[in-house]
Every structure is written in structure tokens, then in C-alpha cells.
Amino acid sequence: MTLTRTFGLILAGAALPLGGCVYNGGQKYVPNASDLAAQEAAAAPAAAEKKAKNVILFIGDGMGISTITAARIYAGQKRGQSGEEYVLPFEKFDNVALVKTYNTNAQVPDSAGTATAMHSGKKTSIGVLGVGPEAKRADCASALANPLPLLGEEVKQRGLALGIVSTARITHATPASVYARSADRNWEADAAIPEEERGKGCKDIATQLIGSSFEVALGGGLGAFYGSDVGGRRSEATANLPGLWAARTGGTFVRDKDALAAAPTDKPVLGLFSGSHMTYMAERMDGSDKGASEPTLTEMTSQAIARLKTDPQGYYLMVESGRIDHGHHAGKAGFALEETVEFANAIQYAIENTDPEETLIMVTADHSHVFTIAGYPRRGNDILGLVVPPEGDISNPDEPTLAQDGKPYTTLGYWNGPGALHDHSERPAPETGVNAQQQAAIPLRSETHADEDVALYAQGPGAEKARGVIEQNVVYDIIRSAFGWE
């Protein structure tokens with residue numbers, strides 16, 4: 001408050017008891033009710049900032065701006081629209097920011113470093129989880145010497161409920177960032193730790209999960225929790241980590257969606273629904289029963305919210321659509337877009353089944369991909385199809401546009417990846433549709449991440465801090481501020 005305003009309020013306060021009159025140039029003025037209300041409001045202390053009881057962070061792994069745009073069009077076209085005018089549920093949020101995703105040692109990041117930034121408040125190196133940039137990757141001692149705070153730990157220490165949901169392995173980088181510290185993101189099972197690093201005090205990620213405290217953990221990745229006797233990857237053939245967890249906590253371990261629905265709601269639940277990552281949504285659409293026993297991301301989200309909301313202290317829930325990223329790595333845009341549509345469905349469920357006055361919902365990505373939308377297609381053109389020019393743009397507008405090699409090309413493509421053209425002079429006609437692998441420029445076994453900023457959308461208490469261009473670790477600060485933990 002300025003000195004001038006303070007002095008004015010003192011004068012106003014002194015004048016009011018004397019009949020509420022102010023004299024100005026000999027003219028008597030009697031303030032009316034609205035004037036008095038304004039004066040009282042100016043003198044009153046600022047209202048306390050509303051805090052969130054619950055926070056839900058939705059992370060679309062690899063969901064860059066181009067993925068959001070293509071998914072918006074794809075979702076609209078699935079509803080019979082031209083697509084461009086459609087709006088995804090989270091795009092209606094009032095608060096939006098751009099997020100810088102680089103790692104401390106990498107211009108283009110990976111999910112371990114980016115997810116750690118969001119769940120520890122510190123940027124770190126590529127490939128490590130929950131440890132600072134001083135730690136050397138795959139070096140146990142340096143990781144133990146440089147721990148970072150974990151949001152999942154603080155949530156439990158403060159008495160809130162904790163939920164972790166992912167369509168990837170639950171020990172994969174993004175979900176693991178909630179609860180684990182690791183010198184290497186690949187140390188998901190003990191057998192993955194190099195022989196020379198064993199016995200130094202570092203625990204594999206699966207062991208850290210079953211030793212942590214949570215109310216809900218749902219995802220894929222059975223292999224990291226079992227030994228070879230039941231097809232797992234642990235060094236001990238008879239290892240059964242879910243059994244140990246259930247015995248320690250009294251919680252329920254489930255392996256399919258029916259068991260999840262039937263599990264008691266007043267006890268912790270651990271659900272592992274596939275040997276590795278969960279089934280792509282696109283593969284569930286092919287008429288087979290593949291993935292039929294697995295819950296969808298929306299079903300897992302609904303189960304998590306129903307269980308967590310019974311905690312009177314509130315909760316933190318992280319929901320990851322992990323297979324958006326994997327679809328892009330495979331160069332299959334249709335797979336990535338189907339995952340993004342399901343991700344949007346899960347977000348819509350959360351919007352409809354939480355109180356916006358007490359729940360902060362944030363939607364973001366950990367990084368982007370080298371995924372493009374280009375070629376001057378007409379409005380409403382099949383987003384997974386060939387480029388057809390706008391009507392009136394050329395003399396034969398109903399035929400696909402041809403490249404200089406005389407062949408058509410698709411709207412969607414990749415800068416690098418498995419769909420690369422090894423001989424551009426012999427470029428084949430491109431595939432189209434959900435199962436297509438888009439053509440790419442640079443031949444790589446797996447398409448790579450990209451480094452452009454990703455978006456952050458927010459609504460609810462504390463959402464106003466999601467604005468401008470921010471560092472990725474600020475997401476952690478927004479969450480803590482919303483809870484009132486500053």
C-alpha cells in the first residue's frame with residue numbers, strides 16, 4: 001500500500017466518526033452506502049488465498065503442442081465434425097502456461113529428468129530419478145549422496161492420500177518420479193542393476209514402490225515385481241513383491257479390471273494389469289480381445305478418485321498417459337492420437353467428478369516429439385489421411401496433392417524414426433489410417449523427443465500461477481503453493 005493511499009484512509013477514518021462528512025471547497029458532502037462500503041473494502045486486509053484440498057496432475061507423456069492439435073482434430077472427426085473447431089476438455093481451462101523442458105545436461109530431455117523436475121522442484125540430468133544433477137548416471141554412491149525431495153513422500157508425511165496411475169509400467173520414469181530415487185531410470189527390477197553397483201545401498205524401483213506408502217497405484221509392469229518362476233525379471237526366481245506388499249499393508253493386489261472394481265475401498269490397492277506397458281487403445285479397437293481384462297485410463301482414474309476422495313485431509317493424484325509417447329516412438333501417429341483421446345476422456349471424468357472449488361487439476365506433458373502437421377490440407381481433411389488441397393485452390397481439388405516425386409503425402413509425419421525413407425528416389429506411397437506408420441526424414445530405430453515448450457493447463461485453487469513461460473520445476477512449486485505448503 002502506498003503512503004498516499006494510507007494517509008487517505010487515515011483521513012477517511014477520522015472524518016467518518018464526525019458525521020461521515022467531508023468538506024471540499026466549502027461544499028459539504030455526505031458519503032452514501034456504496035462509498036462507505038468501498039472505503040471499508042479498501043481498508044480491510046486482503047482475503048486469504050483459497051487453498052486446494054486435492055491436486056490432480058495429468059501428464060500426457062510426449063503430448064506436445066502438435067499432438068494436442070492433431071488429437072483435437074482427430075477427436076472432433078470421430079464425432080462427425082470437421083475437427084478443427086473441436087475443443088478438448090482441458091483446453092477450456094482459463095489458465096495456461098508454456099513450460100521449458102530441458103534437462104540440466106540435455107537440450108532435448110527424457111522423461112526421467114522432466115518428471116523429476118515436476119515432482120522434486122529441481123531440474124536434473126537425463127536418465128536419473130529423484131537425484132540431483134551432481135549424481136552420475138548408473139553410479140549408486142553418487143545418487144545416494146544427492147537425493148532430492150519427493151512430492152509423494154511429502155504428501156504422505158503431511159497426512160494426505162496418494163494415488164499413482166499410468167498406462168505405462170508403474171516403475172517407468174514418470175510414475176516412478178512420484179516415489180523413487182534411482183541412479184538410472186532403467187533399474188526397474190534388481191536384475192537391471194549392474195553387478196558392480198549392487199550391494200551399495202541402492203534399491204531397484206519396484207522395491208521402492210512396495211516399500212513406500214500410497215493408497216492407489218495402478219498401471220502395467222508385472223515383470224519387475226516377480227521372479228522367473230512366474231515370468232518376471234527379478235534376480236530371485238521365486239520373488240513375489242506384490243505378496244510382500246499385501247502382507248505388510250493389508251492392501252489388495254489386483255491384476256484385472258473386475259478385481260479392481262471389487263477391491264475394498266477402505267484399504268490400499270495395487271493394480272498391475274500387464275507384463276510390461278498396458279495395451280494401446282488402438283489395439284483394443286481391432287476386434288480382438290487383446291487388453292480386454294485391462295481397465296482403461298478413464299476407469300483407473302475413476303477408481304483412483306473414488307478411493308482417494310474418502311480421505312478427509314485430501315489427496316494428490318498423478319495420472320500419466322504413458323503410451324502417447326510410445327506411439328510416437330514407433331512412428332505411429334494414430335496410436336498416439338487414440339491414447340490422447342482416452343487421456344482427454346480421463347480428464348473429463350475428473351472435471352465432472354471433483355469439486356472445482358477444492359481441487360486443482362493441471363494437465364501438461366513432460367516433453368514433445370518431432371511430430372508435424374503440414375501440407376496445406378483442406379478444412380476437415382482426414383487427419384490420418386493424405387493431403388487433399390482446399391476447394392478452389394487448384395483445378396482438381398478432389399485428388400491428393402502430389403510431391404515432386406509424383407506421389408501423395410500425409411498431413412502427419414516425423415522428422416526422424418522407423419518410418420524413415422532410406423532411398424528418397426524410391427519413396428513408396430504412404431500408409432494412412434490408425435495403424436499406419438508415418439514417413440520420416442532421418443532413419444532411426446525409434447523416433448526421438450523434441451525440445452519445444454509444452455503447455456500447462458490449470459483450473460481450481462492455485463491455477464492462476466499457471467501463466468507465462470516457466471521452468472518445468474515450477475510445476476512442483478505450483479502444487480505445493482496450492483496446498484498451502486509454501
Side-chain angles (χ1 to χ4, degrees), residues 58 60-96 167 280-287 296-299 301-302 319 321 323-324 327-328 332-353 356 361 363-365 368-369 371-394 396-401 408-414 430-438 454-459:
F58 284 94
D61 195 327
M63 190 183 71
I65 298 293
S66 58
T67 302
I68 293 172
T69 303
R72 176 198 306 147
I73 296 171
Y74 182 64
Q77 290 180 348
K78 285 169 70 75
R79 289 163 172 77
Q81 304 174 10
S82 66
E84 296 84 1
E85 73 283 6
Y86 186 70
V87 179
L88 296 168
F90 54 88
E91 294 184 296
K92 300 175 184 177
F93 291 0
D94 290 335
N95 302 278
V96 183
T167 52
Y280 282 114
M281 292 301 296
E283 292 179 328
R284 300 190 192 198
M285 298 163 48
D286 64 5
T296 64
L297 186 61
T298 300
E299 289 168 339
T301 300
S302 67
V319 178
S321 179
R323 308 228 68 188
I324 297 172
H328 282 317
K332 291 193 168 188
F335 277 41
L337 298 188
E338 276 294 340
E339 295 299 310
T340 309
V341 170
E342 175 60 19
F343 185 53
N345 293 339
I347 295 166
Q348 183 64 47
Y349 180 90
I351 293 169
E352 294 174 354
N353 290 274
I361 298 178
V363 180
T364 191
S368 184
H369 277 269
F371 173 60
T372 62
I373 311 171
Y376 306 116
R378 65 174 56 185
R379 173 77 182 273
N381 197 64
D382 180 1
I383 193 66
L384 293 174
L386 302 173
V387 170
V388 178
E391 293 185 27
D393 190 56
I394 61 174
N396 189 13
D398 295 324
E399 296 295 325
T401 302
Y409 53 94
T410 55
T411 302
L412 304 181
Y414 293 93
E431 300 174 357
T432 60
V434 171
N435 295 309
Q437 184 177 73
Q438 278 71 30
V454 297
L456 169 65
Y457 306 84
Q459 78 166 18

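Just so you know, residue 1 is the first one in the sequence shown, and it goes up from there.
The side chain to side chain contact (heavy atoms under 4.5 Å, CB included) test applied to A346 returns F58, L297, T298, T301, not counting sequence neighbours. For P430, the side chain to side chain contact (heavy atoms under 4.5 Å, CB included) partners at least two apart in sequence or on another chain are L386, P408, T410, R427, Q439. For S82, the side chain to side chain donor-acceptor pair (under 3.5 Å) criterion is met by E84, E85, R379, not counting sequence neighbours. With sequence neighbours left out, Q348 forms a side chain to side chain donor-acceptor pair (under 3.5 Å) with E352. Looking at residues two or more places apart in sequence or on another chain, you find a side chain to side chain contact (heavy atoms under 4.5 Å, CB included) between T411 and I373, P377, N381, I383, V387. Taking V341 as the reference, Y74, A75, N345 meet the side chain to side chain contact (heavy atoms under 4.5 Å, CB included) condition, with sequence neighbours excluded. Scored by the ring pair (Phe, Tyr, Trp, His ring centres under 6.0 Å) test, Y414 finds H328, F371 as partners (sequence neighbours excluded).
Shortest non-hydrogen contact noted between T340 and A71 is CG2-CB, 3.5 Å. Minimum heavy-atom separation, P389 to T401: CD-OG1, 3.4 Å.
Under the salt bridge (charged side-chain N to carboxylate O under 4.0 Å, His left out) criterion, the residue pairs touching residues 332-341 are K78-E338, with sequence neighbours excluded. Each salt bridge (charged side-chain N to carboxylate O under 4.0 Å, His left out) pair with one or both residues in residues 340-350, not counting sequence neighbours, would appear here, but there are none.
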**Prompt:** After noting the C-alpha distance and the side-chain angles of I68 and F90, does the key distance pass the side chain to side chain contact (heavy atoms under 4.5 Å, CB included) rule?
**Reply:** CA-CA 10 Å; I68 293 172; F90 54 88; 4.3 Å; yes
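A distance-only check finds a donor-acceptor pair linking the side chain of E431 to the backbone of Q437 [under 3.5 Å].
I351 has its side chain within reach of Q459: a pair of non-hydrogen atoms, C-beta onward, lies under 4.5 Å apart.
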